[in-house]
There are 2 protein chains.
Amino acid sequence: MAKNSSKFATLGQQEADTADLESLVGYNLKRAYIIVEAHFREAVGKDGMSARVFSALSLTVSYPNITQIALARVMGIERSGLVAIVDELEAYGYLQRAPVPGDRRIQALVPTEEGLAAYNEALGLVRDKEERLLSDLTGVERQTLFALLKKIRRMEED
Amino acid sequence: MAKNSSKFATLGQQEADTADLESLVGYNLKRAYIIVEAHFREAVGKDGMSARVFSALSLTVSYPNITQIALARVMGIERSGLVAIVDELEAYGYLQRAPVPGDRRIQALVPTEEGLAAYNEALGLVRDKEERLLSDLTGVERQTLFALLKKIRRMEED
DNA sequence: TGATGTTTGTTAATCAAGTAAACAGTTTTT
DNA sequence: AAAAACTGTTTACTTGATTAACAAACATCA
């Protein structure tokens, strides 16, 4: 079933496109993500936030007073893994763990002024970078890409 | 700029779709990949190969006699990182490091019969799983998804 | 009320994937 | 022949993530 056994000697961009792997969604998704993530890092700069820290800040801005457990659920990670992320954002002074009257277990996450400013600046840079990265795609193509990715994400409920 | 400040109380699937993060390609790509990767693991089973080991085997089947350095380039990883992957595949008996006459630095990677069989079985399972995962997408939608992801991948050359 | 169970955030140990740097052989170049 | 480059490898490290155990706080209910 190895279609390309004889092509090894001339292995290059074109030939590689015909390998089995290229017909799998997972491989293509991962390779595309690696590129987009690299552009994200370029956008936020050498000492910028990591994608997951940016995500956490973004969601805290969109949903102020969210609890850690709710944020972990939205992000799709374990609550234990979120601790370091929130620690980092708090150390930057980008958010605070605020006590919630009525339940002393919970600490609501609220972005600070600095956090909001840093977030908006980073968001602008990231949007611009993605804009340039996707400049080859038409408006319809972009909409389609988002629609298809969200359709896959909706499959989570199995 | 926090559009949804007031929606926290009712945060759920619908509201989350309107957060800033949902408009970024990177976030959507990553979330989609996580799901597809989980399905991959289900497909190959509890003790099956990891995606990267499967990828390495797949490319070795598609391009037999490929060298480690060429394989690393195709996979987009460092050659040092490939050593453990090839070690693992060799330990399974799925491929061999064959000496290349004329250059004693190089070892050509050749899949064994068992490797070919294991690969084809795994490929079938993975294809079936992806087929079911993407059953909501029309043929045109799938083609479009692949085309768009490959278009992003081509942006690598910057 | 008090015992039992659950929730929230946290720590610690561990794992997987990946990088960077240094190294030994082996070829290539000058 | 000497210097440079290439291939595979080891080692140390970083990042992202998970599991398990735990303490404090809250909820249930007999």
Side-chain angles (χ1 to χ4, degrees), chain A residues 11 26-27 29-31 33-35 37-38 40-41 44 46-57 60 65-91 95-110, chain B residues 11 26-27 29-31 33-35 37-38 40-41 44 46-57 60 65-91 95-110:
Chain A
L11 174 57
Y27 184 72
L29 272 178
K30 176 154 199 187
R31 295 303 292 260
Y33 174 67
I34 288 171
I35 291 161
E37 211 266 342
F40 172 91
R41 266 184 284 110
V44 297
K46 195 181 171 320
D47 297 309
M49 285 176 268
S50 68
R52 68 197 202 130
V53 169
F54 174 83
S55 292
L57 179 57
T60 307
N65 291 306
I66 194 170
T67 63
Q68 283 186 213
I69 207 164
L71 182 53
R73 265 184 220 120
V74 177
M75 291 181 71
I77 63 172
E78 293 298 315
R79 66 188 194 284
S80 61
L82 192 62
V83 176
I85 297 172
V86 174
D87 283 353
E88 189 177 331
L89 284 168
E90 205 175 30
L95 60 73
Q96 283 186 320
R97 289 167 158 113
V100 173
D103 193 337
R104 279 176 300 173
R105 289 172 301 184
I106 303 172
Q107 288 154 294
L109 302 178
V110 293
Chain B
L11 175 56
Y27 185 74
L29 272 177
K30 176 154 199 186
R31 295 303 292 261
Y33 174 68
I34 287 169
I35 291 160
E37 211 266 342
F40 172 91
R41 266 185 284 111
V44 297
K46 195 180 172 321
D47 298 310
M49 285 177 267
S50 67
R52 67 196 203 130
V53 169
F54 174 82
S55 292
L57 179 56
T60 307
N65 290 307
I66 194 170
T67 63
Q68 282 186 214
I69 208 164
L71 181 53
R73 263 184 222 121
V74 177
M75 291 180 71
I77 63 173
E78 292 299 314
R79 64 191 197 285
S80 62
L82 192 62
V83 176
I85 298 173
V86 174
D87 283 353
E88 189 178 330
L89 284 168
E90 204 175 31
L95 61 73
Q96 283 186 319
R97 287 165 159 116
V100 172
D103 193 337
R104 279 176 301 174
R105 289 173 302 184
I106 303 171
Q107 286 153 296
L109 302 178
V110 293

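Reminder, nothing fancy here: chain letters follow the sequence lines and each chain counts from 1.
One atom, CD of A/Glu78, and another, P of D/dT19, lie 5 Å apart when rounded to the nearest Å. The nearest whole Å value for the distance from the CZ atom in B/Arg73 to the C1' atom in C/dT19 is 17 Å. Taking atom CD1 on B/Ile85 and atom P on D/dT10, their separation rounds to 14 Å, with Å as the unit. The interatomic distance linking B/Glu37 (CD) with C/dA17 (C1') rounds to 11 Å, in whole Å. Residue A/Tyr33 contributes atom OH, which lies 12 Å from atom C1' of D/dT15 at whole-angstrom precision.
Within the 4.5 Å cutoff, no side-chain heavy atoms of B/Leu109 are placed close to those of B/Leu89.
For C/dT27, the OP1/OP2 oxygens have a side-chain nitrogen or oxygen of B/Arg104 closer than 4.0 Å. A/Lys30 has no side-chain polar atom (N or O) that falls below the 4.0 Å cut-off from OP1 or OP2 of C/dA17. Between B/Arg97 and the phosphate of D/dT9, there is a side-chain N or O to OP1/OP2 separation shorter than 4.0 Å.
Residues A/Asp103 and A/Leu82 both approach DNA chain D. Their nearest nucleotides, taken by heavy-atom distance, put A/Leu82 toward the 5′ side.
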Derivation of the side-chain contact (heavy atoms from CB on, under 4.5 Å) call for B/Gln68 and B/Arg97: CA-CA 9 Å; B/Gln68 282 186 214; B/Arg97 287 165 159 116; 3.1 Å; yes
Test log, rule side-chain contact (heavy atoms from CB on, under 4.5 Å), inputs B/Ile77 and B/Ile85: CA-CA 11 Å; B/Ile77 63 173; B/Ile85 298 173; 4.0 Å; yes
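Here the straight-line distance linking atom CZ of A/Arg73 with atom CG of A/Leu82 works out to 11.5 Å at 0.5 Å rounding.
The side chain of B/Gln68 sits closest to D/dT9 out of D/dT9, C/dG9, D/dA17. Closest to the side chain of B/Gln107, out of D/dG16, D/dG8, C/dT8, is D/dG8.
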N/O to N/O distances under 3.5 Å, protein versus nucleotides 11-16 of chain C:
none

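Taking a 6.0 Å sphere around CD of B/Gln96, one finds it holds 12 or fewer heavy atoms contributed by other residues, nucleotides or ligands.
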